[in-house]
Every structure is written in structure tokens, then in C-alpha cells.
Amino acid sequence: MSEIRVRFPPSPTGYLHIGGARTALYNWLLVKKLGGKLVLRIEDTDEERSTEASAQAILEGLEWMGITWDEGPYLQSDFAEEHRAAADELVRQGKAYRCYCTREELAAKREAAKAAKQSFQGYDGSCRSLSEDQRALLEDQGRPWVVRFKVDRGEGAVSFDDLVFGPTEVSLAELDDFVIVRSNGVPLYVLSNVVDDHRDRITHVLRGADHLVNTPKQVLLYRAMGWEVPAFAHMALTLDPKKAKISKRRHGEVVAVQFYRDHGFLPWAFCNFMALLGWSAGDDREIYETPEDLIQAFTIEGMAKRNSVFNYRKGDPKFITDPKAIHINAQHLRTMPVEILAPHVKQQLEAASIWSDAWDAGGEERDWFLRTLELVRVRYNFLTDFVTLARAFFDDDYPMEEKALRKSLRKDPALADYLPRLADRLDDLEIFDLETTEAALRALVDELSIKPGLLINAARVALTGQGVGPGIFDVFLALGQARTCARLREKAPLCAGE
RNA sequence: GGCCCCAUCGUUCAGUGGUUAGGACACCGGCCUUUCACGCCGGCGACACGGGUUCAAAUCCCGUUGGGGUCACCA
């Protein structure tokens, strides 16, 4: 069997959105699974909508996801000549022809057909049988023309075997003589795409099911050119909660890959989630620790035929996106090797200007950093949580949460006295560990005849600014003796309500 | 509307003739506990409908309904 070659051909009309990301991911998985090459092709032909910035954004999105390609990015516009040559060849062979009908004429005919309740409203083929004289006349008039592919109805039907949807057959009576070159001389997608895929020796076309209907036309084109038809695999679409097709226009940033990067998703967790939207290995597995795990499990057979819903919640403060996506991210966040998590957190801390190079250098500081990540990550969902929720561990300047202040610190004015006394006890400790700190705290609690929770919760708020977090003795150790005592004394006045 | 595709809990993914229809997320309880999480235990919750075929149907066939795709000189 010859080498598998697939392609991802985004049109640069905006950022990379989840539909495109999923298509790219599946192509990438397929190539990694079967061994082959992925070619990236920017389909920028025509379109006032295509922009350089968009192409750049798409590339960045792919890179962030960790999707690598083997060839390209090619620019479809660089091959315009080839596309035109293919059209010319088709005309030369009599498989395509110039059509001089204007849009207005066509529109009028469609209206008429509609009025007459005819089911077929495509092109009627009137220019197909133009005599040489008629043609010459129209040319002399300087009438603009498009090139139409001549659909040979005699064959009856076109068929192809879709790797996902199975054998597919479309009656040729349903197809009209479709346009392959615009009046401005620029070939259309349906043709360019075929020419490009042939030139790039694409063996498997894995794309969205929205392309299912123009596949027959493309099969006809391949055959007319005498080219081998690639295998097609169409993937069911991703819909929004209201079952509408996902689009950048309608859904905004929640469907942009960039959104997930900016909100603290791990690239791989995002891929893991995307892969599960419309695919499964046939078992109940959901977490794939590494790309290798997923690649191994991936099969085209596992791709679903039915559309899936990307269940994002608009305006829900608890779920910024599909809850499952958040869950998968959280799973990876707290189970992945901490050494691999570290660089991601570093990036976040650096961006927030609270990073210290010592945490990267090895030795004690490095160990502390990793231990601290281990300590806090279990309750986090996003990488961004490390700069917000975990801030007190990495920086002495941390915000005091109003609610926690009220509930724990100001619960009893006497805490203004208790906290410094706790600091004194902790200061006196020769050995500062889980056992000694707990013993010290409990001893104080006993002497004061108060509930442990009163002091513990107040200490947590004083130390971290938050009412929630790791066990208090773990916090003591993570902060260290000096910082713990200093903060307890520093924040004590807050208990009195200042 | 024509043509095409699809149809299992709210979402997602299993289940391809015989299952108490399973897992995950979400939701609701409980346990754990100094808080919040994690974890553990439990609950809620689906085969769209109607006909067939069969001893037996979520699984096969037909129809209906519902949803989606597409009908461009966009890609």
C-alpha cells in the first residue's frame, strides 16, 4: 500500500474554530496512526474575506494544539495557473463548456422553475448546445462567460464509498452542469480543490459532512481528468446546543481555539476533548494521557455518523464552556506528571510577573515548586487558576477575599489576638513539620478553649486570602515558618474589623 | 421546497437479535473533613413514534415525525 497522504485545507477567513480544529485533529490522528504525511494548504483563492492575519491565527491555533504537519503550508492561490489549465483541458476535451448566461437570466429561470413547481431548479444547459455561430456572436458581443462542467446524464449515477457514511450514490439527474470557472477567470473551489488534492497526491480526504453533497461533483471531475479518486471520509458536524452549525460569526470566541488557550486549557486536554466529540474507540475510555495513547486507539471506524452538540453554556458563570471540556482539562491538570505541568504553570506565572527563576533551577526551590503544584492542583480546573487561586503561594501580595474575611477572620474579634499568639507558637518550633505545627495549634486551641475550626479557618484566610484551600498544616509548610508567622501577625488587625 | 444524511439519559460515548440498556459530564443526596476540592457510595435520567420480520428487536426492513447538511460565478 502506498503512503497515506491527507490534508487540512482551511480557508483563512477568521480564527481557527472548533470545527476546523477537530477536522485538523482527526486528519493528524489518522496520519500518525497509519503513518503518512499531512499537508497543510491555505485555501485563499479569491475571497475578499481571506486575510494574512487569519492564516497566521490558524497556524498558531494548530501549533498550540500540537498538531504538526509534514508539508506546507501551501497557498492555493499559488496554483491558480494549474487550476485554469485543468479547466482549459476539460473544455478542450469537450467535457466542459463556456456558458454565457448572465446571473440575471439564471435567476429569472430559477424563479420560473420555482413558480412552475419544478423540482429541478439547477442550470438548464442552454449554452451546452450553442452552435458555432451563436457562440461567435456572443463572443463578439463581449459577453462574459463562465465554464461549466458537462454532466453526462447517461451514466445514471455517481457513487463513492465513504469511509464513514458507507456507499453513497447520487443520481446524475440531480446534478446540473455546475460552474468550475468564474466569469473573472478564477476557478471555483470544487475544481481547485480537486486539482490540488491530485497534485498533492492526497489518498484520503477527511473533511466535514457539509462537503458530502459536493463530493459527487468532485468524483466526476477526477474521472474527467483521468485521475485516481481518493478515499473520502466525512465527519459528522459539531452543532451548538440549539442544533445549529457552529460558526465563528454566530458563536464568537467560545468556539475559537484561542479562547481555550487564553482560559488556561492544556493543549492536549483540549485535543482529548475534541477527539471525543464524535469519536470513540468503542469502549468507555475518555482520558487519553498522551497523544500516543489516542493515536493508538484512533480509527476511522470509530467516527460517529450523527452530529454532536458542543454543549457550551452561554452566560453561565460556572461553566465557561462545555462542562465536559472543563472536566477533561481538570483531569489532566491533576493527574499528569507534575514535571510536565510545571512549564505550563511557569508560563502563567511569568505572564503575571510573579515567576521566580529559582523554581526552575533545580534543587530545593524547584522541589518546593513542584510540591506546591501537587498540593494545590487537585482543586483547579484551569492553568489560570495558578495565578489567581494559588497566588498567595507564589507572591506575598495577594488579594483578601471579602466573603472569606467576613466569614472567618471577623468571626470573632478575639482572633486579632489569637493569630499573633499562634504565630508565636509556630515561631518557637525547632522542627516545622506537619506534626509539630498541628500539635502547636491544637495546644493553643485547648488553652484558649475554642473550636479548632475557628483558628484554622481564620489562619487560612490570613495566609491565603481565601476561605478555601489545602489543609492548613499543608499551607503552613508550603509557606514556610517565616512567611507563615509574618502573615499571621500582619493580617491579625483585620480580625478587629479594620 | 428538492436531494442527501442522521436519530440511545439534558450533553457525550458504549451497546450491532436475547443486557436489570452501561460509562462519563451535569444535577441531587450521603460518606470523608478544619474549609473547598479530590476521592468513595447512592439517586435522578434515554432506546422519537407507528407498522412489520423474528421464538426474541435499541439493534434488521418500511413509513411517520424530528434534527442536520446542501441547493452560489464562498471555501
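So that the names make sense, note that chain A is the first sequence line, chain B the second, and so on, each numbered from 1.
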Look through every strand shown and name the nucleotide pairing with B:A21 as Watson-Crick or G-U wobble, where both distances are under 3.5 Å. none
Do the rings of A:Y260 and A:F265 sit parallel, tilted or perpendicular, given the 30° and 60° boundaries? perpendicular
For atom OH of A:Y189 and atom P of B:C73, their distance in whole Å: 16 Å
A:H83 and A:F79 aromatic ring geometry - parallel, tilted or perpendicular at 30°/60° bounds: tilted
In Watson-Crick or G-U wobble terms, both distances under 3.5 Å, what is the partner of B:G2? B:U70
Think A:R377 has a side-chain N or O under 4.0 angstrom from the OP1 or OP2 of B:C38? no
Whole Å only: how far is the CD atom of A:E104 from the P atom of B:A72? 15 Å
Answer yes or no on whether A:R98 is positioned over the face of A:Y100, meaning its NZ or CZ is under 6.0 Å from the six-membered ring centre and within 45° of the axis. no
Mind checking who B:A56 pairs with, Watson-Crick or G-U wobble, both distances under 3.5 Å? none
Between A:Y189 and A:H211 (judged by ring centroids, cut-off 6.0 Å), do the two rings come close enough to count as a pair? yes
If only side-chain N and O atoms of A:Q331 are considered, is one of them under 4.0 Å from the OP1 or OP2 phosphate oxygen of B:A37? no
Interatomic distance, A:N307 CG vs B:C5 C1' [rounded to whole Å]: 8 Å
Specify the separation, in whole Å, of atom CZ of A:R249 and atom P of B:C74. 18 Å
B:C44 pairs with which nucleotide, Watson-Crick or G-U wobble, both distances below 3.5 Å? none
Report yes if a side-chain nitrogen or oxygen of A:T45 is closer than 4.0 Å to either non-bridging phosphate oxygen (OP1 or OP2) of B:A75; otherwise report no. yes
Under 4.0 Å between a side-chain N/O of A:K318 and OP1 or OP2 of B:A26, yes or no? no
What nucleotide, of B:A26, B:G69, B:A75, holds the atom closest to the side chain of A:F319? B:A26
Tell me which nucleotide, if any, is Watson-Crick or G-U wobble paired with B:G63 when both distances must be under 3.5 Å. B:C49
Closest listed nucleotide, where the reference is the side chain of A:E174 and the choices are B:G2, B:U35, B:G69: B:G2
Describe the nucleic acid contact of A:V179 in one word from base, sugar-phosphate, nothing, applying a heavy-atom distance below 4.0 Å. sugar-phosphate
Check whether any side-chain nitrogen or oxygen of A:S280 sits under 4.0 Å from OP1 or OP2 of B:A14, and answer yes or no. yes
Return the nucleotide paired to B:C38: Watson-Crick means purine N1 to pyrimidine N3 with N6-O4 or O6-N4, wobble means G-U with N1-O2 and O6-N3, both under 3.5 Å. none
